[in-house]
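Just so we're on the same page: letters track the sequence lines, and every chain starts at 1.
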Amino acid sequence: MPELPEVETVKRALDKRLPGHEFVKIDTYVPALRFPLGSLGDHALLHRKIMAVRRRARYLIVEMEGCRALLLHLGMTGTLRIVPAVAPRLKHEHVVLLLENGDTLRFEDPRRFGFILPCVLSAPGVDPKELAALGPEPLSDDFSAEYLYQAFKGRKTRVKTALMDNSIVVGVGNIYANESLFLSGINPLTPAGKVPLSQCELLVDNVKATLRRAIDAGGTTISDFKGVDGSEGKFVLQLNVYGKSGEPCPKCGTEIARVAIGGRSSFYCSRCQKEQ
DNA sequence: AGAGATACCTGGGAGC
DNA sequence: TGCTCCCAGGTATCTC
């Protein structure tokens, strides 16, 4: 399941391969992913030199000359790979983008939670308007303890839900939210507004550290994620609590608890992560 | 406006 | 073996 480190891994691989090339044909094999694919195949995106591949939150932006771009999201199960055009199409490869050099960029997504949207940029290097409401990048200096404390202030929603709110900070999904809260000793059920500044400092540090470690490891592989070359991420080996209900806490040995927060599975140690 | 619930989707695993 | 049921979860959208 791609979270920010996985998307960053894909972005780095694509940015090495795509710039300088251009799409000459786009084939779609289903009418829609999360959004209809209808406008992809025609006109505006073809025969434009690809300038760069960028990432914002969990979105990928393939920027082309003339302020055109492809906005991609991998959703839950999306993967991108670059293979020769002659390679047989896999069952869930819903979009095949042919490059002028005979390679294809292929979007595979069994659950179809991802999307590919054509968009127009107001200027080169600028994010599309579709991404305007996003909060700061977690690895940027804008994501600081003071910022998070202010963003949480007055919020009654659970700290875990708030940490996964893209308007507060982007790219922190369920796995990393669970892990960061564990490392910070914060109970995920705590109302966001009750987390003191001192714990916001710990939380910000641990979100950054967890994401950086995961990026270094090439992403977290639970079952679906693969890099552009098909390699699996290795971060799953470093998880402390995610998916480990009933197992002993790595710090104190207490059984890891599982509870649903906002409909999502949440894992924590009731001893190391006391509720406020 | 903030908070919570729901829909979207399908493969994989558990249970019978 | 084969069926049904439940779960995974980011995001948009709905309701209260």
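For the residue pair Lys160(A) / Asn187(A), no side-chain donor-acceptor distance below 3.5 Å is found, with atom types taken as modelled. For Thr190(A) and Arg158(A), the side-chain atoms include no donor-acceptor pair closer than 3.5 Å.
The side chain of Asn174(A) places no N or O atom within less than 4.0 Å of a non-bridging phosphate oxygen (OP1 or OP2) of dA8(C). Dashed line: the shortest gap from a side-chain N or O of Arg264(A) to OP1 or OP2 of dT11(C) is not under 4.0 Å.
Residues passing the ring-ring contact (aromatic ring centres under 6.0 Å, His included) test with Phe107(A), sequence neighbours excluded: none. Partners of Arg155(A) under the salt bridge (Lys or Arg N to Asp or Glu O under 4.0 Å) rule, at least two apart in sequence or in another chain, are Asp165(A).
Side-chain heavy-atom separations under 4.5 angstrom define the hydrophobic clusters, and Met51(A) shares its cluster with no other residue. Membership of the apolar cluster around Tyr268(A) extends to Leu189(A), Val259(A), Ile261(A), as traced through chained side-chain contacts below 4.5 Å between ILVMFWY residues. Cluster note: Leu117(A) groups with Phe35(A), Tyr59(A), Ile61(A), Leu71(A), Phe115(A), Leu131(A), Leu134(A), Val170(A) through ILVMFWY side-chain heavy atoms spaced under 4.5 Å, whether in direct contact or through intervening members. Cluster partners of Val120(A), using a side-chain heavy-atom cutoff of under 4.5 Å among ILVMFWY residues and allowing indirect links: none.
Nucleotide dT11(C) holds its C1' atom 13 Å from the CG atom of Leu71(A), rounded to whole Å. In this structure, the CZ atom of Arg58(A) is 14 Å from the C1' atom of dA12(C), given to the nearest Å. Atom CD1 of Ile175(A) is separated from atom C1' of dA8(C) by 10 Å (rounded to the nearest Å). In this entry the distance linking CZ of Phe115(A) with C1' of dT11(C) reads 8 Å, nearest Å. Protein atom CE of Met164(A) is 12 Å distant from nucleotide atom C1' of dA8(C), rounded to whole Å.
Using a 4.0 Å heavy-atom criterion, one finds that Tyr59(A) contacts the sugar-phosphate atoms exclusively. Using a 4.0 Å heavy-atom distance criterion, Asp109(A) is classed as making no nucleic acid contact. Looking at heavy-atom distances under 4.0 Å, Arg112(A) makes contact with sugar-phosphate atoms alone, never a base. As judged by a 4.0 angstrom heavy-atom cut-off over every strand, Thr161(A) is placed among residues making no nucleic acid contact.
Nearest-nucleotide mapping onto DNA chain B: of Lys91(A) and Gly262(A), the residue sitting toward the 5' end is Gly262(A).
Note that the first and last nucleotides of DNA chain B, 5' to 3', having any atom under 4.0 angstrom from a heavy atom of chain A are dA3(B) to dG11(B).
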With a cut-off of 3.5 Å and sequence neighbours excluded, list every side-chain donor-acceptor pair involving residues 96-103 of chain A.
{"from": "Glu100(A)", "atom 1": "OE1", "to": "Glu22(A)", "atom 2": "N", "distance (Å)": "2.9"}
{"from": "Glu100(A)", "atom 1": "OE2", "to": "His21(A)", "atom 2": "ND1", "distance (Å)": "2.7"}
{"from": "Asn101(A)", "atom 1": "OD1", "to": "Asp103(A)", "atom 2": "N", "distance (Å)": "2.9"}

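A rotation axis mapping the C1' atoms of four pairs onto the next four is fitted at both ends of the helix from dG2(B)-dC16(C) to dC16(B)-dG2(C) over five pairs, and the angle between these axes is 50° to 10 degrees.
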